[in-house]
Amino acid sequence: MGILKGYKRIAAFVLCICLTAGIGGCGWVAEPEANNGGGQQQTALAGGDGAAREDYRLLPEAELDYLVPEQYPGIWVSLGGYDSKGSKVVYFRGRSLPETFRIMDTATGQCVYTGRLEEDRYNEETREYNSHGEFSDFVDVGEYYIECDIIGRSYSFALQEERLREQFDMTLTQIRHQGQETLSGAESVRTMLQQVIVVLLSYELYPDLYEDGDGNQIPDVLEYMTEAVRAVVGRQESAESDDLTYELAAALAKYSYIYQKYDSKYATDIVQIAAGLWQQAEKAGDLRDDARLLAAAELYRATGQRKYVTVLEASQGGLADKIQREESCRYDYLAAVTYIATKQRVKVDICDTLIRMLMNRGEQIVDGIPHLAYRKVDLSESVIDEMMWDMVLLSAVNYVITNYEYGRVIESQHYFLWGCNARSYCFWEQDISRKPSWTACYLLMLCDMRVNE
């Protein structure tokens with residue numbers, strides 16, 4: 001027994017030494033020295049140089065110098081909320097997914113609705129499953145969050161009556177403010193012209209959505225566009241307009257056509273400016289300008305002059321020819337919409353061809369958009385620009401043919417822009433609302449959603 005106790009004391013002593021060494025090693029950090037080649041430090045670590053131990057200091061606490069990865073919910077909702085009586089979708093992502101989800105009242109923490117997840121999709125890149133659920137039949141106004149087993153809970157969101165109407169009015173207010181800002185260069189003029197073109201298109205397609213808030217018999221949106229038109233016309237001579245001449249002519253002609261019923265004299269003045277810009281651009285000889293055919297379409301509808309429709313109907317370089325040769329741009333499709341809608345004399349066979357081409361373009365846009373769960377969030381400005389203009393064209397096509405699938409895609413993009421994505425990133429707040437042309441594109445999306453909800 002004495003020998004056994006002796007062994008135990010020796011073992012305990014050795015263990016204490018090991019623990020002391022281990023603890024001491026965690027609390028010492030080498031002070032860096034320039035150009036020492038690491039030799040002295042290595043000797044000190046080996047215990048062969050007592051003086052080198054002076055290079056070490058005892059830290060008051062551990063140093064934790066590493067980055068914690070950003071965490072985002074595995075349940076994606078629209079941070080802008082939902083219209084209580086409209087379509088409502090939530091998305092899920094995780095290594096494993098449950099079968100059901102619960103809507104919880106934020107104030108009480110009580111479950112107010114239970115729904116089921118739809119069929120899972122496996123993402124090879126993230127090695128996660130994706131699914132979604134619908135709760136369109138839940139209409140109680142309030143503040144909620146969604147939770148489910150395994151992956152936790154979402155951010156809070158609101159269900160409101162007339163939420164789409166509220167977002168529509170908010171977007172119009174933003175457009176009004178943007179129209180009052182000072183134009184400071186060619187790029188600011190371009191994005192304002194694009195806003196005028198798209199906003200006027202939205203009014204042309206959905207006039208009943210726009211109100212006359214001040215009771216002067218002119219829809220408020222046209223008053224906002226009048227301010228924008230006066231701003232660009234006022235700086236026409238000083239602007240770097242060589243690359244904007246056709247674009248400016250298109251915007252002014254479109255405005256003139258729509259505004260003539262409210263102020264025919266001013267509208268006539270504006271269309272004369274547009275015609276002069278067209279003539280100026282034609283003399284310059286840049287027949288490949290992206291906005292040339294749109295300017296011709298808007299001027300033909302506003303004036304009825306054959307010289308413009310001749311350009312549109314040309315067998316080479318005309319609308320149908322350009323689109324068939326896959327050399328078209330976004331403005332060419334808008335020109336096709338204007339040509340189809342004009343009350344001036346047009347060729348029926350060309351109209352039929354353009355309608356088919358618009359339908360094909362709609363299919364291309366839908367096919368090119370990945371499922372929301374797979375959509376990237378870190379987007380460049382050019383990618384956002386393309387996405388927003390695709391929604392303009394899809395909204396215009398959906399107006400012409402009314403396709404349920406197109407409407408769902410536009411709705412999906414709307415939720416995506418409001419933070420229903422992998423990073424809960426709100427494109428509306430960070431990007432869309434800050435650029436006039438994108439704000440106008442979003443307005444047209446809202447028009448489509450409000451009419452088809």
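Since this is a predicted model, take the numbers as computed values, not measurements.
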- prompt: Are Y425 and F427 near enough that their ring centres are under 6.0 Å apart?
  reply: yes
- line: What one should report as the nearest heavy-atom pair of L379 and M387 is CD1-CE, 4.3 Å
message: Looking at S256 and I270, would you say the former's side chain and the latter's main chain have a donor-acceptor pair under 3.5 Å?
response: no
- prompt: If only atom types and distance count, is the side chain of T173 paired as donor or acceptor with the main-chain N or O of D169 below 3.5 Å?
  reply: yes
query: Any donor and acceptor pair, going by atom type alone, linking the side chain of Q195 with main-chain N or O of P436 inside 3.5 Å?
result: yes
message: Filter on salt bridge (Lys or Arg N to Asp or Glu O under 4.0 Å), then keep only pairs touching residues 381-401, sequence neighbours left out; what's left?
response: R330-D385, R361-D390, E381-K435
- request: Establish, from distance only, whether the side-chain atoms of Q178 and T439 form a donor-acceptor pair under 3.5 Å.
  value: yes
query: Got F168 and L443 here, is their nearest side-chain heavy-atom distance under 4.5 Å?
result: yes
query: Looking only at heavy atoms, what is the nearest atom pair of D212 and I218, with distance?
result: OD1-O, 3.1 Å
field: Intermediate values then yes/no, side-chain contact (heavy atoms from CB on, under 4.5 Å), L97 and I151
entry: CA-CA 7 Å; L97 297 179; I151 56 178; 3.9 Å; yes
task: Using distance alone, with no hydrogens and no angle criterion, decide if R434 and Q174 have a side-chain donor and acceptor under 3.5 Å apart.
output: no
- prompt: With a 4.5 Å heavy-atom cut-off, do I175 and M225 have their side chains touching?
  reply: yes
Flag for S184-T182: side-chain donor and acceptor within less than 3.5 Å: no
message: Under a 3.5 Å threshold, yes or no: a donor from one side chain and an acceptor from the other, between E411 and N452?
response: no
- request: Would you indicate whether M170, at its atom CE, is surrounded by more than 12 heavy atoms from other residues, nucleotides or ligands within a distance under 6.0 Å?
  value: yes
Min side-chain heavy-atom separation L299-Q305 under 4.5 Å: no
query: Is the shortest side-chain N to carboxylate O distance from R230 to E227 below 4.0 Å?
result: no
query: Hey, mind stepping through Y339 and E313 against side-chain contact (heavy atoms from CB on, under 4.5 Å) and telling me if it holds?
result: CA-CA 10 Å; Y339 182 87; E313 296 174 348; 2.6 Å; yes
message: Donor-acceptor pair, distance only, cut-off 3.5 Å: does the side chain of D220 make one with the backbone of G213?
response: yes
- request: Heavy atoms only: give me the nearest Y155-V77 pair and the separation to one decimal.
  value: O-CG2, 3.6 Å
task: Determine, step by step, whether L358 and I340 satisfy the side-chain contact (heavy atoms from CB on, under 4.5 Å) criterion, reporting the C-alpha distance in whole Å, the side-chain angles of both residues, the deciding distance to 0.1 Å, and the verdict.
output: CA-CA 11 Å; L358 285 170; I340 293 168; 3.7 Å; yes
- request: For the residue pair L354 and I323, establish whether any side-chain heavy-atom pair is separated by less than 4.5 Å.
  value: yes
task: Assign the ring pair Y259 / Y262 to parallel, tilted or perpendicular, where the plane angle (0 to 90°) is split at 30° and 60°.
output: tilted
task: Tell me, yes or no, whether the heavy-atom count around R345 atom CZ, taken from other residues, nucleotides or ligands under 6.0 Å, exceeds 12.
output: no
- prompt: Can any side-chain N or O of Y91 pair as donor or acceptor with the backbone N or O of G74 at less than 3.5 Å?
  reply: no
message: What's the separation between atom OH in Y331 and atom OH in Y246, rounded to the nearest 0.5 Å?
response: 14.5 Å
message: Which residues pass the ring-ring contact (aromatic ring centres under 6.0 Å, His included) test with W76, not counting sequence neighbours?
response: none
Salt-bridge present (R165, E211; N to O < 4.0 Å): yes
- request: Could you check D83 against Q167 for side-chain hydrogen bond (donor to acceptor under 3.5 Å, both in side chains), going step by step and ending with a plain yes or no?
  value: CA-CA 10 Å; D83 196 299; Q167 290 174 325; over 6 Å; no
field: Heavy-atom side-chain proximity of I350 to V346 below 4.5 angstrom
entry: no
Pairwise side-chain contact, C447 with S395, heavy-atom cut-off 4.5 Å (strictly under): no
- request: Only counting residues at least two apart or in another chain, list the ones meeting ring-ring contact (aromatic ring centres under 6.0 Å, His included) with Y122.
  value: Y129
- prompt: Between E429 and C426, is there a donor-acceptor pair closer than 3.5 Å when you use the side chain of the first and the backbone of the second?
  reply: no
task: Supply the atom-to-atom distance L446 CG to C441 SG, rounded to the nearest 0.5 angstrom.
output: 11.5 Å
field: Side-chain heavy-atom pair I146, M104 within 4.5 angstrom cut-off
entry: no
message: Can you confirm whether L334 sits close enough to W389 that some side-chain heavy atom of one is under 4.5 Å from a side-chain heavy atom of the other?
response: yes
message: Quick check on E161: does its CD atom have over 12 non-hydrogen neighbours (other residues, nucleotides or ligands) under 6.0 Å away?
response: no
- prompt: Can you tell me if S188 uses its side chain to pair, donor with acceptor, with the backbone of G185 under 3.5 Å?
  reply: yes
- request: Quick one: which residue pairs count as a salt bridge (Lys or Arg N to Asp or Glu O under 4.0 Å) with a foot in residues 258-272, not counting sequence neighbours?
  value: K265-D269
query: Would a distance-only check, ignoring hydrogens and angles, find a side-chain to backbone donor-acceptor pair under 3.5 Å from N398 to L394?
result: no
query: Quick one: NZ on K322 to CG on D332, what's the gap to the nearest 0.5 Å?
result: 4.0 Å
task: For I75 and C148, run side-chain contact (heavy atoms from CB on, under 4.5 Å): C-alpha distance rounded to whole Å, both residues' side-chain angles, the deciding distance at 0.1 Å, then the answer.
output: CA-CA 9 Å; I75 304 175; C148 62; 3.8 Å; yes
- line: In short, salt bridge (Lys or Arg N to Asp or Glu O under 4.0 Å) pairs touching residues 301-311 with sequence neighbours left out are E204-R301, E298-R301
message: For the NZ atom of K254 and the CG atom of L294, what is their distance to the nearest 0.5 Å?
response: 7.0 Å
- prompt: If only atom types and distance count, is the side chain of T106 paired as donor or acceptor with the main-chain N or O of E143 below 3.5 Å?
  reply: yes
message: Under the salt bridge (Lys or Arg N to Asp or Glu O under 4.0 Å) definition, can you give me all pairs with a residue in residues 88-116, not counting sequence neighbours?
response: R93-E128, E99-R116, R102-E147, R102-D149
task: Please work out which of the three classes, parallel, tilted or perpendicular, describes the rings of F138 and Y144, given edges at 30° and 60°.
output: perpendicular
message: How long is the straight-line distance from CD of E326 back to OG of S328, given to the nearest 0.5 Å?
response: 8.0 Å
query: Once the angle between the rings of F135 and F157 is folded into 0 to 90°, is it parallel (under 30°), tilted (30 to 60°) or perpendicular (over 60°)?
result: tilted
field: S131 side chain to E118 backbone, donor-acceptor under 3.5 Å
entry: yes
message: Would you call the rings of Y442 and W428 parallel, tilted or perpendicular, taking 30° and 60° as the class edges?
response: tilted
query: What residue among V233, V271, L193 forms side chain to side chain contact (heavy atoms under 4.5 Å, CB included) with L252?
result: V233
statement: When rounded to the nearest 0.5 Å, the distance separating OG1 of T303 from CD of Q344 is 7.0 Å
- prompt: What heavy-atom pair brings W418 and G80 nearest, and what distance separates the two atoms?
  reply: CE3-CA, 3.3 Å
message: With no hydrogens and no angle check, just 3.5 Å: does a side-chain donor-acceptor pair link T226 and Y266?
response: no
